[in-house]
Structures are given as structure tokens and as C-alpha cells.
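Here is the structure we will look at, set down as C-alpha cells.
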Protein chains: 2
Amino acid sequence: MYEKKPMKIENKSMDIIDTVMGDVNFSEDELLVVKRMIHTTGDFEYRKIIEFQNNFIKIAKEAFKNGVSLYTDTKMAYQGINKPALEKSNSTVRFFIDDEDVREKAKEKETTRSACAIEKAVDKGIEGFVIGNAPTALFRLLELVQEGKANPKFIIGVPVGFVGAAESKELLRTFDIPGISTIGTKGGSNVAASIVNALLYMVVDR
Amino acid sequence: MYEKKPMKIENKSMDIIDTVMGDVNFSEDELLVVKRMIHTTGDFEYRKIIEFQNNFIKIAKEAFKNGVSLYTDTKMAYQGINKPALEKSNSTVRFFIDDEDVREKAKEKETTRSACAIEKAVDKGIEGFVIGNAPTALFRLLELVQEGKANPKFIIGVPVGFVGAAESKELLRTFDIPGISTIGTKGGSNVAASIVNALLYMVVDR
């Protein structure tokens with residue numbers, strides 16, 4: 001027989017994750033985020049590669065308490081965010097990766113749709129950025145910050161992969177912006193969404 | 001400066017992944033699947049934990065050549081599948097996790113929506129199963145196979161987590177069904193989608 005009750009499964013899972021957290025040092029709130037990232041990937045190594053910066057949890061929790069506009073770089077990250085919880089927090093989430101104007105701009109400028117979609121998100125006044133896939137999205141966002149054109153409340157920066165992902169996250173960690181990122185190649189849309197959900201579950205009932 | 005051309009990024013990424021594949025033994029087609037799973041997670045360890053069974057690649061490629069009906073256990077996995085490529089292969093993908101009848105049945109039977117959604121998928125005659133999240137979905141599917149009520153063409157079984165995920169995949173590997181799974185806790189909706197996409201890119205132009 002196998003466990004079939006949803007909340008029992010999740011609680012048991014979190015208890016199992018707890019057993020390996022003895023060798024790392026996180027605050028109680030940080031731990032909730034880290035554990036959900038591990039829950040989502042099945043990968044204990046995450047506990048060693050997650051970096052919080054500039055009071056991320058406090059700022060992000062405040063933002064979710066007041067309602068915040070989010071942007072995700074992929075539809076998968078969008079999909080992974082718990083919408084009923086998001087609504088309870090009066091927050092919103094959008095993505096622009098498939099928009100026709102973004103496609104055209106990317107072709108014209110010979111860059112990724114991810115980078116062009118970030119420009120659109122900045123134009124639209126998005127407050128919180130959730131980047132789980134494309135290093136070019138994070139790089140472009142940081143360029144816009146550098147140029148004084150973007151001023152994110154926080155950045156969830158966990159792009160994945162072998163070309164620029166690690167570097168883009170390293171760059172994020174040099175900025176004076178509330179954020180969370182991973183060291184190295186690991187990340188992903190599912191990881192990005194899990195961070196948002198962990199924050200939501202701190203401020204609203206599920 | 002960072003690389004901005006999408007296909008260049010992907011090709012470079014695949015080249016980097018190639019450099020670590022010397023210590024494993026996969027067929028050329030298998031390698032395409034394994035590499036895409038690594039590409040999606042940023043996690044080289046996948047090369048050591050992926051198991052193919054019962055001629056999976058050959059059977060799945062044939063299915064995608066002829067058009068196949070797929071089911072995903074989550075919307076995230078659904079979202080991660082390349083739809084233009086899927087359409088070119090005359091295949092379809094559905095999910096039932098949010099359906100009202102599935103919700104009601106799960107409450108009534110005190111089990112997960114994932115398990116009830118699998119029952120619905122089997123009723124609907126789905127041919128290929130893509131399970132990236134819920135061990136209970138994979139367990140339930142295998143029960144239905146055991147009872148002679150389901151006869152999947154193939155199973156992509158990469159549920160993630162610490163409660164039943166490893167066991168459900170171990171069980172899959174005892175069945176005489178074309179399949180792919182991971183050993184241990186790792187997996188995910190993104191991983192499941194990456195397997196489908198790798199197969200699609202073998203049979204259609206992107």
C-alpha cells in the first residue's frame with residue numbers, strides 16, 4: 001500500500017527533508033523556501049546552493065501581503081504558481097514569452113524572446129520577477145536595472161543550464177536587490193514556481 | 001557579453017553536456033533524451049539515474065510518427081511540451097487534474113486528484129502516459145494495468161519526491177511496458193516534458 005492522502009504526503013515529505021537540513025544554516029522562513037525547492041526537485045543538493053540576498057524573504061512576504069504584480073519568463077513557471085493562493089494575496093502573474101510583438105522583436109534584434117519579453121514586462125511596470133529558465137532574461141533585466149530603467153521589488157533568479165545560467169545568477173548577487181538565486185547550473189521553471197508558492201503559503205491559507 | 005542566439009545557446013549547452021557523457025553507455029537516440037533531461041534540470045547526475053525499458057525509444061518514436069494521444073499528470077508538464085512540434089506529429093496531449101469530477105471523486109475516495117485523473121485518462125483511451133509529479137498517478141496506472149483495465153503504449157514515469165516516488169518508479173520497472181524512469185527521488189514535470197520534446201525532435205522538424 002502507498003500513501004494516498006495529499007496533505008499527509010506533503011507533510012511526510014517535508015519531514016523527510018528536515019532530516020538532512022542539519023548541516024545548513026537558514027532562518028525559519030528561509031527553510032520553508034529551501035524545503036519547497038527540494039520537495040519540487042527531489043534534489044537534496046539544493047540546500048547547499050541557495051543564496052538569499054538583501055532581505056529577500058521579508059521584502060517578498062510584505063509584497064505578497066499587499067499584493068504584487070509578478071512576471072514569469074516561461075509559461076511553465078506561470079503554470080506552477082498556485083493561482084488560488086495568488087488570488088488570495090491579491091497578486092497577479094503574467095508572461096509575455098508567446099506574444100507576437102515579442103517574437104517579432106526577438107527576430108529583428110537577433111536575441112531571445114526571453115530577453116524581449118523582459119523589456120515588455122518592465123514597460124508594463126511589473127514589480128516582482130520570477131526567472132526560472134532563461135539566463136538572457138536575467139541578464140537583460142539586470143542591464144535595465146543598471147541603466148536605471150527597471151526597479152524590481154525582488155528577483156527570483158533561478159535560470160537553469162550550462163550557457164550563462166551560473167554567470168547570470170552570479171551577476172544578480174552583485175546587485176543591491178532583494179533576491180534569491182542558486183549557485184551553478186541548477187534551477188528551472190518548477191524551482192522558480194516553488195519559491196513563489198513557498199512565499200504565498202507564508203502569507204495566505206492554502 | 002553573453003550569448004543571445006537561441007539555437008546557439010542550445011547547441012553550446014548540448015556540447016557541454018556531451019563532455020560528461022563519457023562514463024555512461026547509451027544508444028544515440030537514448031543520448032538525445034538523456035541530454036535533454038540534463039539540459040532541463042542543469043543536473044549532470046541524471047545521466048546515472050535514467051533507466052529505459054522494453055524498447056521505449058523505438059516504440060515511442062513509432063507512436064509519435066503515427067500520432068499518439070498523451071496524458072500528463074500536471075498542467076506544468078502539459079505546458080512544457082512543445083505544442084507546434086506535437087501538432088506536426090499529429091499527436092495530442094490532455095490533462096484532467098483540475099476537472100470538477102476528478103476533484104469530487106478524489107474527495108469522496110480520500111485519494112489524490114492525480115490518481116482519479118489517471119482513471120479518467122484510462123477511460124478516455126489515452127495511449128501514452130507522461131507522469132512527472134505524482135507517485136499516486138503512477139501507482140494507480142500500474143494497478144489498472146495489473147487489473148487488465150489499462151494498456152498503455154508507453155509510460156514516461158518520472159514522479160518526484162520523497163514519499164513513494166522512488167518506489168512507484170521501481171514498480172514501473174517490473175512491468176513489461178515500454179518506459180523510461182529515474183532511480184530515486186529526482187524527477188519533475190519539467191523532466192517529463194523534456195522527454196516528450198526529445199522524442200518529438202527526433203521525428204519532426206522544430
Side-chain angles (χ1 to χ4, degrees), chain A residues 1-6 8-17 19 38-45 74-80 106 109-115 132-136 138-140 158-168 171 182 184-191 193, chain B residues 1-6 8-17 19 38-45 74-80 106 109-115 132-136 138-140 158-168 171 182 184-191 193:
Chain A
M1 276 310 292
Y2 51 93
E3 183 55 61
K4 294 177 182 175
K5 294 190 183 156
K8 261 201 174 169
I9 294 173
E10 180 167 328
N11 292 339
K12 198 171 161 190
S13 179
M14 292 302 181
D15 288 347
I16 292 168
I17 297 170
T19 65
I38 294 174
H39 178 69
T40 291
T41 55
D43 185 356
F44 284 136
E45 207 222 348
T74 63
K75 271 194 289 188
M76 271 189 93
Y78 172 89
Q79 205 60 266
K109 293 178 71 176
E110 290 202 309
T111 186
T112 63
R113 288 192 282 144
S114 304
N133 185 58
T136 53
L138 184 51
F139 275 128
R140 187 70 194 119
V158 288
V160 62
F162 305 95
V163 181
E167 294 82 353
S168 70
L171 187 63
T182 47
T185 59
K186 289 183 183 178
S189 302
N190 53 341
V191 176
Chain B
M1 276 311 294
Y2 51 93
E3 184 54 61
K4 293 178 183 175
K5 294 189 181 155
K8 261 200 174 170
I9 294 172
E10 180 167 329
N11 293 338
K12 198 171 161 190
S13 179
M14 291 302 179
D15 287 347
I16 291 168
I17 297 170
T19 64
I38 294 173
H39 178 69
T40 291
T41 55
D43 185 355
F44 284 137
E45 207 221 348
T74 62
K75 272 195 289 187
M76 271 190 94
Y78 172 89
Q79 204 60 267
K109 293 178 70 177
E110 291 203 309
T111 185
T112 62
R113 288 191 282 144
S114 304
N133 185 57
T136 53
L138 184 50
F139 275 128
R140 187 70 193 118
V158 287
V160 63
F162 305 95
V163 181
E167 294 81 353
S168 69
L171 187 63
T182 47
T185 58
K186 289 183 182 178
S189 302
N190 54 341
V191 176

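Below, all heavy atoms of this structure are taken into account, side chains as well, without hydrogens, waters or symmetry copies. In what follows, every chain begins at residue 1, and chains take the letters A, B, ... in the order their sequences are listed.
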Nearest atoms (heavy-atom pairs only) where [X] meets [Y]:
X        : Y        : answer
B:Val163 : A:Lys12  : CG2-CB, 3.8 Å
B:Gln79  : A:Met76  : CG-N, 3.8 Å
A:Ser13  : B:Phe162 : OG-CD1, 3.6 Å

Side chain, backbone, both or neither of A:Thr111 within contact of chain B (heavy atoms, under 4.5 Å)
both

Part of [X] within contact of chain A (heavy atom distance under 4.5 Å):
X       : result
B:Thr40 : backbone
B:Ile9  : both
B:Ile38 : both
B:Tyr2  : side chain

Looking at [options], which has the largest count of heavy-atom pairs under 4.5 Å with chain B?
options                     : answer
A:Pro135, A:Gly80, A:Ala77  : A:Gly80
A:Ile16, A:Asn190, A:Thr182 : A:Asn190
A:Ser114, A:Gly188, A:Pro6  : A:Pro6

OG1 of A:Thr112 to CD of B:Glu3: how many Å apart, nearest 0.5 Å?
10.0 Å

Please report the interatomic distance CD(B:Glu45) to CD(A:Glu45), rounded to the nearest 0.5 Å.
9.0 Å

Does the side chain of A:Asp43 reach to within under 4.5 Å of the side chain of B:Asp43, using non-hydrogen atoms?
yes

As a quick check of understanding, evaluate side-chain contact (heavy atoms from CB on, under 4.5 Å) for A:Lys5 and B:Glu110, giving each step before the final call.
CA-CA 6 Å; A:Lys5 294 190 183 156; B:Glu110 291 203 309; 4.0 Å; yes

